[in-house]
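Data block below; observations after.
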Amino acid sequence: NAFPAAPAGLGGYEDPSTLQALVVEQLPEWPRARQLCELYLEQAPWFFGAITRRQLLEELLPLFYGEALDLQYQDASPASSQDSDGSPQPTLPLSRSAFTQSSTGKATAHELALLLVVFCFGALTDPGSPPAPDNAEASRFYQLTRAAINLEPVLDRPPSVATVQTLSLMGIYQGLVADENSIE
């Protein structure tokens, strides 16, 4: 309800870093996080693909999951590049220095919000889960996205790419779950 202002008066939780830590505690365990990202990358980009595979795997996930660094080594395919004669050449995995972080050296609240909204869309595209608006997991990740996006000002400074991507995906989610768009 505080959008676009940061929340205030939360009884001892006024410090944004404390609030961000509370939201981070709600992140799913690595196996589910990876599954949600894979679902997003398999199903979502054709319709709401504001985030590229590279950005998600190389920049966003490593900010919150140490296991994501190893994902790059598994993703490297030996036949993904070819020599001039057409013979496959091994692809070298990215070095750990290829992963980026925010200018402060830690994840921003808007990067956290972006990851959470990816999880939201991953949950929406999970074939084992109910569709919107009845998908409780997607709804929970959306609420966490709202909390995270409000931890830093949205309109007080030029927005980051993560801010714009998050707000775009939040708008799409709202369009999917709104009553007037329901097929029932």
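All values derive from a computational prediction rather than experimental measurement.
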Review point. Ignoring hydrogens and geometry, is there a side-chain-to-backbone donor-acceptor pair from E111 to T108 under 3.5 Å?
Key: yes

Point to revise | L114, T145, L36, L144 screened by side chain to side chain contact (heavy atoms under 4.5 Å, CB included) with F119, the one that passes | key: L36

Check your understanding: Any side-chain heavy atom of V154 sitting closer than 4.5 Å to one from P159?
Key -> no

**Study point:** Sidechain N-carboxylate O distance under 4.0 Å for E59, R54
**Key:** yes

Point to revise | Test item: D134 side-chain N/O and P130 main-chain N/O as donor-acceptor pair under 3.5 Å | key: no

Point to revise | Donor-acceptor contact below 3.5 Å, side chain Q165 vs main chain A50 | key: yes

Check your understanding: Are L155 and M170 linked, directly or through other ILVMFWY residues, by side chains that come within less than 4.5 angstrom of each other?
Key -> yes

Point to revise | Any donor-acceptor N or O pair under 3.5 Å, side chains Q35, R32 | key: yes

Review point. Donor-acceptor pair, S139 side chain versus N135 backbone, under 3.5 Å?
Key: no

Revision key, fill the gap. d(L63 CG, L115 CG) to nearest 0.5 Å is 8.5 Å

Point to revise | side chain to side chain contact (heavy atoms under 4.5 Å, CB included) partner of V118, chosen from L41, L39, T166, I51 | key: I51

Point to revise | Step-by-step side-chain contact (heavy atoms from CB on, under 4.5 Å) determination, R146 to Q143 | key: CA-CA 5 Å; R146 286 184 58 194; Q143 294 305 319; 3.6 Å; yes

Exercise for review: Evaluate the criterion salt bridge (Lys or Arg N to Asp or Glu O under 4.0 Å) for residue pair E29 and R34; output intermediate values, then yes/no.
Suggested key: CA-CA 9 Å; E29 296 294 322; R34 181 177 177 178; over 6 Å; no

Exercise for review: Could you tell me whether the side chain of F141 reaches within less than 4.5 Å of the side chain of P28, counting heavy atoms only?
Suggested key: yes

Check your understanding: What is the ring orientation for W30 with Y65, classed by angle as parallel under 30°, tilted 30 to 60°, or perpendicular over 60°?
Key -> tilted

Check your understanding: Can E42 and T125 be said to form a side-chain contact (heavy atoms from CB on, under 4.5 Å), step by step?
Key -> CA-CA 9 Å; E42 288 172 9; T125 59; over 6 Å; no

Review point. Side-chain contact, heavy-atom cut-off 4.5 Å: L169 with F121?
Key: yes

Practice item. Give the intermediate values and the outcome of side-chain contact (heavy atoms from CB on, under 4.5 Å) for residues F64 and L112. Key: CA-CA 8 Å; F64 301 96; L112 174 59; 3.7 Å; yes

Check your understanding: How long is the gap from CG on L56 to CG on L61, to the nearest 0.5 Å?
Key -> 4.5 Å

Review point. Stepwise, does the salt bridge (Lys or Arg N to Asp or Glu O under 4.0 Å) test hold for E152 with R157?
Key: CA-CA 10 Å; E152 294 178 3; R157 61 178 180 259; 3.1 Å; yes

Review point. Is a side-chain N or O of E137 found less than 3.5 angstrom from the main chain of A123, in a donor-acceptor match?
Key: no

Check your understanding: If you measure only the distance, is there a donor-acceptor pair under 3.5 Å linking the side chains of T163 and H110?
Key -> yes

